[in-house]
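Given the structure is predicted, the values throughout are model-derived calculations rather than measurements.
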Amino acid sequence: MAEKVIGIDLGTTNSCVAVLEGISATVIANRGGYKTTPSVVAMSETGKRLVGHIAKRQAVTNAENTAYAVKRLIGRPWTSPAVQAVKAAVPYGLVEGPHQDVRIKLRDQLFSPPEVSAYVLQEMRAIAEEFLGQSITKSVVTVPAYFNDGQRQATKDAGRIAGLDVIRIINEPTAAALAYGFGRDVEGKVAVFDLGGGTFDVSLLEINSGVFEVVATAGDTFLGGEDYDKRLVDWLVQGFAKEHRVDLRSDTMALQRLKDAAEKAKCDLSSVRETEINLPFIISTGKNQAYHLHRVVTRGKLEELTLDLTERTIQICRLTMEDAGIRPKDLAEVVLVGGMTRMPKVQELVAEFFGREPCKGVHPDEVVAMGAAIQGAALIDAAAAPDLLLLDVTPHSLGIMVAGGYFHRLIDRNTTVPTSKSHVFTTVRDEQTSVKIVVFQGESDRAEENELLGEFVLSGLRKAPKGEVEVDVTFEISADGIVGVSAQDLETGTEQHITVTATSGLSEDEIERMANENQEFLVSSRAEEEVEKERQRIEKLVHEAEALLPKVEEVLSGTPFGQDSLDNVRLILDDARAAVERRDAAALEQVAEPLVRTLNMFRGVVDSARIRPA
């Protein structure tokens, strides 16, 4: 069987998996028949890991142990303003990790964001394996175009923990453009407007004869549907406090119910002009006084509460268009991606800015995974997409800190990747024998205002007056957007090199340990599933035998060996019931054969009684 590569859209709110079959990408539904799965992970009271719909359904009663929107944390340091904003908004615990990174507290266990994301990726992998009937090891995973190097590395780490070889990290708008243009006669410049659950991206692409070239990209990795939900929740909380003088934020369960209701109302308001939020017994004061929340929310009110968020997406589009030197009239199409683009106000402002109605011919929740699947198939089998060539760009400028704390750019943002760029620097002090290469990513001229990616030291330089010793610094960016930096003493040939990993990332040992633990969990989980299947089979056989038993007793009671046979049968049924109740694998295996034998005997007795002449 030919090896398959799956495409996974690892979303803030929901995730999706697809595979290329023949000449078209197929989005794979989960066991519940849904084509998207909530990116939610929970720990039950018994310590069982829950992922997807089952985790989301129990969030109201287990809010403190249910992690969602983890994509907003992945690859970010603990001190990041975004992390602190999430910490203030979510019911589950966040604490500082050993590498100045984030750890998520569920029950009494701590998990890194890549670890939690890995559980979602593993669920996507399991959905695909069940559909395809084969083991899956390779995948293409999408990330927001504006993700930095640390966030991309953390996403690859999540893939490794999930047991997946992530053969390519691809930007979400680029994946959407691939799905939009693949197999179609599309030529010209296309804008992809991607507003999802937690992030926003806009990418401008030139599509020509199967070549997809990204011209420019920009975005905000902390702008999405979660922020729209929060605005509505805040409005409801304030209104309730004004009416009842009770703060709903003081009750975790009440706040989770409110969040779920706000998310549903937001979705409803894309198709209706007003909707009701009705939450009886939302909170009790402990004085036998229960409060109910009932509010009518109009589409206009939601648009009013969130207008600045929508306008921010348009401002990013404006700057990106100016950066690329492209005018709205130069575009052949504007493609909407992400669940938030269903909001009428978003569509209205997009149409107003670009001067045209956006294309709604792609499914906003599924198109990214489809594009990832197409790219994955093309990477392992050129024949799957013979004319496909993808040229992406780096979303951030890259460089090093030089004397005075300034940022020297070596690679400008929106440079096509893969790429490399070198620059020769000289020593800045007399008798200098080493140089510290400090790598940053960002757009500010001051290094400390950009994001630190990593640092290393090149030592063994010849002692000489400043300016005499030359050091060649080279930056390389892979097609995944992963950064490597090297420095070479041009006189001696001495060289140092690092693959830049996020300073808040996991160590290699941690990734290996998490991957092994996850594999052990999967083996255990699959064994439990097999036991549960066998338990259900035995339980079904017992029920059938019990239903036939009265008739068998009636037939056998008058025969010489009838009573002994019936006593033996009852013992077998008792053993089977006990095995079902204990969920004991060995006991279930032990009772299976005599139970099947007994049931076959019952069926024969009953059938004989039916055909016996009167």
Query raised in the report: Can any side-chain N or O of E129 pair as donor or acceptor with the backbone N or O of I136 at less than 3.5 Å?
Result: yes

Report task. Please name all residues satisfying side chain to side chain donor-acceptor pair (under 3.5 Å) with T174, sequence neighbours left out, ordered by chain then number. Result -> D392

Query raised in the report: Taking NZ, NE, NH1 and NH2 as the nitrogens, is one of them in R257 or D260 under 4.0 Å from a carboxylate oxygen of the other?
Result: no

**Report entry** Result of checking L293, L232, D247 against V237 for side chain to side chain contact (heavy atoms under 4.5 Å, CB included)
**Finding:** D247

Query raised in the report: Does the side chain of H363 come within less than 4.5 Å of V27's, by heavy atoms?
Result: no

Query - Spatial distance of atom CG (L379) from atom CZ (R168) [nearest 0.5 Å] - result: 5.0 Å

Query raised in the report: Are any non-hydrogen side-chain atoms of T13 and E263 less than 4.5 angstrom apart?
Result: yes

Query raised in the report: Taking atom CG of L541 and atom CD of Q536, what is their separation to the nearest 0.5 Å?
Result: 12.0 Å

Query - Between E451 and N148: side-chain donor-acceptor atoms closer than 3.5 Å - result: yes

**Report entry** Residues, nucleotides or ligands: over 12 heavy atoms within 6.0 Å of I54 CD1
**Finding:** no

Query raised in the report: Where is the tightest heavy-atom contact between L195 and G224, given as atom of each residue plus distance?
Result: CD1-CA, 4.1 Å

Report task. Look up atom CD in E534 and atom CZ in R537, then write down how far apart they are to the nearest 0.5 Å. Result -> 4.0 Å

**Report entry** All ring pair (Phe, Tyr, Trp, His ring centres under 6.0 Å) counterparts of Y34, not counting sequence neighbours
**Finding:** H53

Query raised in the report: Judged by modelled atom types alone, do N30 and T37 share a side-chain donor-acceptor pair under 3.5 Å?
Result: yes

Query raised in the report: Any sub-3.5 Å donor-acceptor pair from T217's side-chain atoms to V202's backbone N or O?
Result: yes

Query raised in the report: Can you name the side chain to side chain contact (heavy atoms under 4.5 Å, CB included) partners of P144, sequence neighbours left out?
Result: K71, F147, E172, T199, D201

Report summary line: Across all chains, not counting sequence neighbours, the ring pair (Phe, Tyr, Trp, His ring centres under 6.0 Å) partners of F193 are F200

Query - Pair R577-E581, side-chain contact (heavy atoms from CB on, under 4.5 Å): steps then yes or no - result: CA-CA 6 Å; R577 291 190 199 97; E581 190 172 338; over 6 Å; no

Query raised in the report: Side chains of P38 and N14: does their closest heavy-atom pair fall under 4.5 Å?
Result: yes

Query - Test item: R299 side-chain N/O and V272 main-chain N/O as donor-acceptor pair under 3.5 Å - result: yes

Query raised in the report: Would Y92 and M43 count as a side-chain contact (heavy atoms from CB on, under 4.5 Å) if you check the C-alpha gap in whole Å, the side-chain angles of each, and the deciding distance to 0.1 Å?
Result: CA-CA 11 Å; Y92 55 89; M43 293 294 286; over 6 Å; no

Query raised in the report: Between K540 and E544, does at least one N-O distance fall below 4.0 Å, as a salt bridge requires?
Result: no

Requested in this report: Calculate, to the nearest 0.5 Å, the distance between atoms NZ and CG belonging to K345 and L269 respectively.
Outcome: 14.0 Å

Report task. Output all residues satisfying side chain to side chain donor-acceptor pair (under 3.5 Å) with T310, sequence neighbours left out; order by chain, then residue number. Result -> Y228

**Report entry** Side-chain donor or acceptor of N450 paired with backbone N/O of F440 under 3.5 Å
**Finding:** no

Query raised in the report: If you look at every heavy atom in S44 and L50, which pair is closest and at what distance?
Result: CB-CD1, 4.2 Å

Report task. Would you list the pairs meeting salt bridge (charged side-chain N to carboxylate O under 4.0 Å, His left out) in which at least one residue belongs to residues 217-239, sequence neighbours left out? Result -> R72-D227, D220-R312, E226-K259, D229-K266, K230-D234, R231-D308, D234-R249

Query raised in the report: With distance as the sole test, does T306 use its side chain to make a donor-acceptor pair with the main-chain N or O of L309 at under 3.5 Å?
Result: no

Requested in this report: Give a yes or no on whether a salt bridge exists between E510 and R103, defined as a side-chain N under 4.0 angstrom from a carboxylate O.
Outcome: yes

Report task. Measure across M514 and S112 and return the closest heavy-atom pair with its distance rounded to 0.1 Å. Result -> CE-OG, 3.7 Å

Report summary line: Sequence neighbours excluded, the answer for side chain to side chain donor-acceptor pair (under 3.5 Å) partners of T66 is Q58

Requested in this report: Examine distances only and state if a side-chain atom of E21 and a backbone atom of T26 form a donor-acceptor pair shorter than 3.5 Å.
Outcome: no

Query raised in the report: Among all residues two or more places apart in sequence or in another chain, which pass the salt bridge (charged side-chain N to carboxylate O under 4.0 Å, His left out) test with E130?
Result: R31

Report task. Under the side-chain contact (heavy atoms from CB on, under 4.5 Å) rule, what do L255 and V233 come out as? Steps first, then yes or no, please. Result -> CA-CA 8 Å; L255 199 57; V233 167; 4.2 Å; yes

Query raised in the report: Which residues pass the salt bridge (charged side-chain N to carboxylate O under 4.0 Å, His left out) test with E589, sequence neighbours left out?
Result: none

Query - Pair R107 + E45: basic N to acidic O under 4.0 Å - result: no

Requested in this report: Using a 4.5 Å cut-off on heavy atoms from C-beta on, say whether the side chain of S117 contacts that of P114.
Outcome: no

Report task. Report, as yes or no, whether the 6.0 Å neighbourhood of atom CD on Q590 holds more than 12 heavy atoms from other residues, nucleotides or ligands. Result -> no

Query raised in the report: Do the non-hydrogen side-chain atoms of R125 and L164 ever get within less than 4.5 Å of each other?
Result: yes

**Report entry** Non-neighbouring partners of E303 that pass salt bridge (charged side-chain N to carboxylate O under 4.0 Å, His left out), sequence neighbours left out
**Finding:** none

Query raised in the report: What is the ring orientation for Y146 with H396, classed by angle as parallel under 30°, tilted 30 to 60°, or perpendicular over 60°?
Result: tilted

Query - Minimum side-chain heavy-atom gap V116-L73 below 4.5 Å - result: no

Query raised in the report: K105 versus F111: any side-chain heavy-atom pair under 4.5 Å?
Result: no

Report task. Check salt bridge (charged side-chain N to carboxylate O under 4.0 Å, His left out) between R583 and all other residues, then give those that pass, not counting sequence neighbours. Result -> E532

Query raised in the report: Which residues pass the side chain to side chain donor-acceptor pair (under 3.5 Å) test with K35, sequence neighbours left out?
Result: none

Query - S139 side chain to V141 backbone, donor-acceptor under 3.5 Å - result: no

Requested in this report: Could you walk me through whether M124 and I6 pass the side-chain contact (heavy atoms from CB on, under 4.5 Å) test, one step at a time?
Outcome: CA-CA 9 Å; M124 296 298 100; I6 56 174; 5.6 Å; no

Query raised in the report: Any side-chain heavy atom of T341 within less than 4.5 Å of one from D194?
Result: no

